[in-house]
Every structure is written in structure tokens, then in C-alpha cells.
Amino acid sequence: DAKTTQPPSMDCAEGRAANLPCNHSTISGNEYVYWYRQIHSQGPQYIIHGLKNNETNEMASLIITEDRKSSTLILPHATLRDTAVYYCIVRPLNTNAGKSTFGDGTTLTVKP
Amino acid sequence: GAVVSQHPSRVICKSGTSVKIECRSLDFQATTMFWYRQFPKKSLMLMATSNEGSKATYEQGVEKDKFLINHASLTLSTLTVTSAHPEDSSFYICSARPTSGSQETQYFGPGTRLLVL
């Protein structure tokens, strides 16, 4: 799987948008970008994934650059409950999801 | 959405005892489940892949005789930490891949915190 680079930590004010970047400059053409988050002392939670088009669901939006070498996860209106470690993962199509390599992630702290 | 449970949520045991952790898929069948461990302020590390009806596949450096995995049904996998020692204290997380879903899908359990005294 391609390696990803994320900032170790970020702060965000409650109610504002949280923009979490991820670099994946060695991504291959058949690799998806996945985002998970892990709230303290809980299991990871799937957020969103995409290949090359921007994606949006009820939790977040995913913006992938045209060259696919980086992406940004956007939480449009961050709440205190969004404080968590956010992991960006890339992996090929039709591969074993469990084999994903979780990097160090970004610790997002949402402040009142 | 799909739910995966783990039991117990936390356990404290004495050094030398064995501890069994259960991972259940509550509303779907899972041919494949995964076991991870996570140390404080560290990321998840895949320990092994558990396959229903067959032997688990362990990642490099993980002792299969130390961490026994049994996946006897399509909704239950167990991880037994044998002769636990303080260095085995960690957060153990399982995930399950639905049998009918794509390989892309996995649902995580809430984790089990093990403290070995």
C-alpha cells in the first residue's frame, strides 16, 4: 500500500470547518483513498473513501486533487465529539481491507 | 449500520493467566475477521487474519502460540492471550469483513483494554 503523510495534530474551533490534509504522492492508479477516525478508547470508524472524484456523505467530504497525490477530509461543522485521531489510508481495489496499514494519523482537537 | 461487538470491554488479570477476548458480528456473517493491537498514542497494528473454519494467518513477529485465534462460526472469532505478561497490556481491536460484501468493507469493534498486573 502507498504510504501516507499526515500532520500529527490540528486544532479547530467548534462550529467551524475542519480540513485535514493527507499526502499520498506515491499512490497508484488503482488505489482508493480511505479515511477512518478513532475516538479515544474506541475502535476505528469508517468515514469516507474515494478514487478520484470528490465524495460527500453525511459525515464528511473528501476532496482529492486532480493528480491524486493528496486529499483533504472536510468536516463542515466540527463539534466537540469530532475530537479524534483521523487516519488516511490508501489501498488497491479488491484487496483485503484488514491488511490496511494505519499510519500515525492526525489528532484533531475541536475546541469550544 | 453493521455492528461488531467485543467482550469484555476491559479486563485486568494477573501475570501468567490466560485471557480470552470475543469478537462478534451482530447482524452479518463474517468469513474473515482481523485482530489488531494498539499501544498508547500509537497506531493500530494488524496481528492476524482470522478465517472461519481454517487456521489464522499471523503477521510477521506475532507469536501464534501466544495469541491463539479461533474462528469457529461465521459470527464469532476469539483471541486468547496465553500466559499473559505485563508487556501484553494493550488495546485489542477486532474488525469483521462481511461475507457478502466486497473486500473493501470492514467494520471495527469497540476494542478490549487488557491490563496485566
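Fair warning: this is a prediction, and the values are worked out from it, not measured in the lab. First the proteins, then the strands, lettered A, B, ... as listed; each starts at 1.
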Novice: Give the minimum heavy-atom separation between A/Val33 and A/Cys88, together with the two atoms involved.
Specialist: CG1-SG, 4.1 Å

Novice: Is the shortest heavy-atom distance from the side chain of B/Asp88 to the side chain of B/Phe67 under 4.5 Å?
Specialist: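 Result yes, sub-4.5 Å side-chain heavy-atom pair found.
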
Novice: Does B/Phe34 reach the side chain of B/Arg97, with side-chain heavy atoms less than 4.5 Å apart?
Specialist: yes

Novice: If I measure from the heavy atoms of chain A, does B/Gln38 come under 4.5 Å with its side chain, its backbone, both, or neither?
Specialist: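 The side chain, not the backbone.
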
Novice: Using non-hydrogen atoms only, which part of B/Lys42 is less than 4.5 Å away from chain A: side chain, backbone, both, or neither?
Specialist: backbone

Novice: Would you mind checking which part of B/Leu44 comes under 4.5 Å of any heavy atom in chain A, side chain (CB onward), backbone (N, CA, C, O), both or neither?
Specialist: both

Novice: Flag this pair as yes if the NZ/CZ of A/Arg37 is under 6.0 angstrom from the six-membered ring centre of A/Tyr86 and inside a 45 degree cone about the axis; otherwise no.
Specialist: no

Novice: Given that the side chain runs from C-beta out, which part of A/Thr107 has a heavy atom under 4.5 Å from chain B: side chain, backbone, both or neither?
Specialist: neither

